Amino acid sequence: MSGDADQHIHIDPYERNWIRIAIGFLVFFVVMILVAGLALGIQVPTDEGRVDPNTLDQDSRFGNPGLREIVPGEEYEVYIVAHRFSFTPREITVPKGAKVTFWATSGDVQHGFALEGTNVNMMLVPGQVSKLSATFDTPGQYDFICHEYCGLGHAVMFGTVTVES
Ligand code: CUA
């Protein structure tokens, strides 16, 4: 016990340096998360509500999956249902420059949805709705695949977004 108020806790120099390095890593990671989210536009799928996977055919959105035109030539929504071993719809066509919001869910087991050349990459969990958006400035074909192992036909579970010029 010391009466000296200026007395510091003794920290070994090595330990002090490792604490600094660890804090440096934390600051670096926080900066990288901010760069990814704010500058690179990388989004994380958020909770978009639930649906009953057993009655998807009666659901107001997923009962009639497909493309919806919100603003012609500019803004679209597409509702996608994943089943072993296909996506409905499997082919989507939008014009160049379209902003497309993908809403998707699964009617049976856990699937994935990863769209080539975009930040759209999400899990499709039965009962849960996933949503992400992408803007297509370059015409061409963009394949989407199931990237969560879902059974024997997993490897053939894919589809295509065609962007017309
Ligand atoms: Cu569906 Cu893998």
Side-chain angles (χ1 to χ4, degrees), residues 25-26 28-165:
F25 269 111
L26 289 177
F28 174 74
F29 290 143
V30 168
V31 168
M32 292 318 289
I33 288 170
L34 292 174
V35 168
L38 301 177
L40 302 180
I42 292 174
Q43 315 157 71
V44 177
T46 51
D47 179 18
E48 296 295 338
R50 297 183 63 85
V51 285
D52 182 350
N54 299 312
T55 58
L56 279 183
D57 53 338
Q58 293 152 40
D59 184 79
S60 59
R61 299 177 297 178
F62 293 102
N64 181 24
L67 189 70
R68 316 263 202 279
E69 194 173 57
I70 308 301
V71 179
E74 287 178 24
E75 203 180 326
Y76 295 81
E77 286 181 350
V78 55
Y79 292 88
I80 297 173
V81 176
H83 271 112
R84 286 176 293 180
F85 297 99
S86 64
F87 293 103
T88 308
R90 191 170 190 152
E91 303 202 333
I92 299 155
T93 302
V94 294
K96 176 179 177 258
K99 184 191 177 201
V100 183
T101 301
F102 297 87
W103 301 78
T105 191
S106 167
D108 44 34
V109 299
Q110 181 174 307
H111 296 279
F113 184 89
L115 180 57
E116 167 186 26
T118 70
N119 288 330
V120 177
N121 182 334
M122 50 198 184
M123 280 169 73
L124 308 183
V125 179
Q128 199 72 40
V129 179
S130 301
K131 173 196 164 197
L132 275 177
S133 301
T135 301
F136 297 93
D137 290 324
T138 308
Q141 299 233 327
Y142 299 76
D143 292 333
F144 53 87
I145 58 163
C146 176
H147 64 336
E148 296 279 347
Y149 184 72
C150 54
L152 285 177
H154 166 70
V156 298
M157 189 165 171
F158 62 92
T160 309
V161 175
T162 301
V163 179
E164 294 182 323
S165 53

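Numbering of ligands and ligand atoms starts at 1, following listing order. Treat the numbers as computed from the prediction; the structure is a model and nothing was measured.
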H111 (side chain) donor-acceptor with E148 (main chain) under 3.5 angstrom: no
Heavy-atom pair with the smallest gap, counting every atom of T105 and V125: OG1-O, 3.7 Å
Taking every non-hydrogen atom, the tightest pair across C150 and Q110: CB-O, 3.6 Å
Ring center gap for F87 and F113 short of 6.0 angstrom: yes
Side-chain donor or acceptor of R90 paired with backbone N/O of F158 under 3.5 Å: yes
Heteroatom count (protein N, O or S) under 2.8 Å of atom 1 (Cu) of ligand 1: 4
Y142 backbone acceptor or donor facing T160 side chain under 3.5 Å: no
